[in-house]
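Heads up, the thing below is written out as structure tokens.
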Amino acid sequence: MIGRDLLAIEDLERGDIERILETAAHMQEVGLREVKKVPTLRGRTIVNLFFESSTRTRTSFEIAGKRLSADVINFTPSSSSLTKAESILDTAKTLDAMAPDAVVVRHQVAGVPKRIADELTSPVINAGDGAHEHPTQALLDLFTVLQEKGRIDGLTVAIVGDIAHSRVARSNIYGFLKMGAEVRLAAPPTMIPAAVETLGVKAFTSLREALDGADVVMMLRIQTERLSGAFFPSVREYSALFGLDREKLQYAKDDAIVMHPGPVNRGVELAHELADHRPSVILDQVRNGVALRMAVLYLLAGRPPETKRGTPEARRGTPETGSAKVSETRGGKS
Amino acid sequence: MNRLLLRGGRVLDPQAEGDAIADLLVENGVIAAVAPKLDAAGAEILSAEGCWVAPGLVDLHAHLREPGQEYKEDFTTGGRAAVAGGFTAVACMANTHPPNDDPSVTEFILAHAREDSLARVYPIAAATKELGGKVMTEMVALVRAGAVAISDDGHTIMDSGVMRRVLEYSRLVEIPVIVHAEERTLVGDGVVNEGVVSTKLGLPGNPAVAEEVMVARDLRLAELTGAHLHVAHVSTAGAVRLIREARARGVHVTAEVTPHHLTLTEEAALGYNTNTKMAPPLRSAADVRACREGLADGTLDAIATDHAPHAVHEKEVEFTLAPPGVIGLETTVPVTLDLVRAGELSPLEWVRRCSAHPARILKRPGGELAIGAPADLCVIDPERRWLYDPTKGYSKSRNSPWAGQELVGRNVATIVSGELVYHVDRGVLRP
Amino acid sequence: MAPLTTTQLSPDSTPLQISKTAACHGRVVLDDAGIRRALMRIAHEIAERNESLEHLYLVGIPNGGVPLAHVLADDLAEVAGVRVPVGILDTTLYRDDLGRRGERPSLRRTEMPSAVDDQVVILVDDVASTGRTIRAAMDALLDFGRPRAVQVVALVDRGHRELPIRIDYAGKNIPTQPEERVVLRGESGDLTWPLEVVVLSGEEAA
């Protein structure tokens, strides 16, 4: 991967995704050994900068880093710029002075990992920013599908749930489209983002239509706060219309797999009976998450500084710019 | 006896429909003569060759932050920014600390601005007490103290009953009621225009309909009450259309549009730069086109900056938390000249929308070059290229989407009341 | 028996043979037949050196060591009547130069079907030079278990050792310039038989 950071699937080309998935397959083998550790990133420091708490993703990155023999530091600033003594910018600058070999950032507001990447010379990996993107989740989802189905081209993938507020949905939309799948969305009208079909997907308010002939059914977690009457009247109605059970799964192909980024709201988006056994591959997703994150860390962390400035923009041939100007090359007059 | 001669410029007089190369003589604070090849013995001569000589620009909408938030801007720096940008008069909004909802604050503003600001300052008073949207302010007292308009600006009056009464009562003083028309419950948490850009960015969207719904409401209430409604920073095609129809029906409505809503689309926000976060937000290309057309056909009467300074540390936060707004006094000329360069406005029409129309809306002098009128003038070089660096500008704040860009067109000299207060080579000059 | 040296090459192959394969660069120093003979000879040596072949485990280092390891296993079966297991061990994650390189090298397959504990592991590589790949392979191997012994087969030893690594069984010793590259390849550019070993000059290697 030539780019310095992994901030968004939107920035990646198909070849980049393929490289990551290939590398993940090899890392998967490491996870099957008795000694699940290789010395590749020994002496390297990886900082998990999680402004928004998340035990699952953070632990996954931590295990991934440690399997590569890196030193993993968890840094959990408690709140946002306005209420903390130290702003995001100051945190980033302080980190930069310590020169970590990679920084993994999660924040509840979109755009923060990019802002941090603009300030650091270290590579930055986006572990989820607001409703924007969650690249490693989508990559592990792609990896899981590839392992299950042997290919991604030509598959039909249905993503179901609160698309409007979902970074997992956005990253997966970009990922599956780039890898040649057809992507369908199913959600109540209040949860379909504006102009989403311009991204190249088809949006349905009928679960049945969306699932028709689907190879992959990806259920998203519903945040129950949203079901307090604002976007949807009740859990009961949501579940009846968009929750997946054995009966509704029949609309999809016979060999369709069921995915979920976790944690599952049993009985809401996914019936209890579907959560633990085939055709659900949810646990495989978690397992694959470590291998995938090992692949990303292997490809990005600890490279010499010249390559660290190789942004996607630089790769496309515009002249190298200093970190202060990186934000200007994206989308216009800043 | 102070004489100043502006020689050989293209003199643009929107009132008299004049557009010709001429000399302009200023004497004792007023315009003394406009004619080709004037002889002015003993006058200071300023060459205006290759430049336009026009009435000083009048800004209907700026935030000068004094009293209460002087760390962002004050009358001194705001006044300098204004004259550097070619503005000889600025109307300042009431959302100060304390808000301008009482004559004592209006008097404070006038007194300090008179002392500190190189540009004229016209205070806009609040429409409701504490900008709370519930209890009307003492409009008569405020106007007597010097307020030129009333507005709650960003604190949109959501209660339609209150809005109706405010409009009705304003008939007592016949001043414009300026509205920031956005239905707050439709805006929700929105921080960028709702559309493909908000979807890509994963940020909450502010739909165009929020503005359209509120403009529709305010227009009907204006029609009912006969008040003068002035719609601030129009940003949507829908609002332009509604204003056009209402105007045709005889509603007393005027409207303004900002430089950024005339030239930037929502795509500018794609890098999460908080200097592209404004309220209302940057909109779609179709909306920008409609605003440009509206300005050209007169539906939108004036260009107003909505100059909104914010400190660097306030803008350098998460996009959703950054206060909306950008500065604009020093960049309005090059940015809006884009419409002249594109052939959508003639130079005279542009000058009219930046000076005569705003002055007329505020019922203040301005926008004319009549003999005997106060000499508030600007000299503009429409071709001059310059690099805009806000750290070198006069505003205390730096929040501009054009930072670091090369701009074309620049105000090179400003005269207020016959005194040269700004020259591009010499900076601001205290008379 | 003493390890082979250059003077014990079979009569009909000479070093620095100048021959060209269609559409490829470099000079062939070991053709397909030469490789086969070398491997067979090595198989004999392995059989001689190791009392019992029951604990042998051939481990090929990708990419070139893999086809060689398989042929060596076949040869051993012929020579000693024992089917020795073959594993594949990628050393990329154990390299000592990853921090210096810009682009991370692609990983290769690792497949270790048998346990390593108490086995005599014979690492098989195509070209040995600095010794760093063998060092990395040993580190990788030791993470799999505790072999009884480790021996090393290199089809070609081109010298320029930087670490104290010994090649137990060398197919051919080829003196080279440091900037030259020595490559095992198939006629169509991949690693399917028939294979040959070529030396690429500095420019060709670039």
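By convention in this document, chain letters (A, B, ...) are assigned in the order of the sequence lines, proteins followed by strands, and residues within each chain are numbered from 1.
Taken from OG in S87(A) to NE2 in H313(B), the straight-line distance is 10.0 Å, to the nearest 0.5 Å. Here H132(A) contributes atom NE2 and L201(B) contributes atom CG; the two are 6.5 Å apart, rounded to the nearest 0.5 Å.
Taking a 6.0 Å sphere around CZ of R221(A), one finds it holds more than 12 heavy atoms contributed by other residues, nucleotides or ligands. At most 12 non-hydrogen atoms from other residues, nucleotides or ligands lie less than 6.0 angstrom from CD of E130(B).
Nearest heavy atoms, G202(B) versus A110(A): O-CB, 3.9 Å. The two residues D129(A) and Y272(B) come nearest to each other via the heavy atoms OD2-OH, 4.3 Å.
For the pair R170(A) and T199(B), the minimum side-chain heavy-atom distance is below 4.5 Å.
Remark: of the listed residues T198(A), L199(A), V196(A), L199(A) is the sole one forming a side chain to side chain contact (heavy atoms under 4.5 Å, CB included) with K200(B).
Heavy-atom pairs under 4.5 Å with chain B peak, among A195(A), G111(A), A164(A), at G111(A).
Look at E318(B) and R115(A) and you find no salt bridge, because none of the NZ, NE, NH1 or NH2 atoms lies under 4.0 Å from a carboxylate O.
Using a 4.5 Å heavy-atom cut-off against chain A, the contacting residues of residues 186-197 of chain B are E194(B), G195(B), V196(B).
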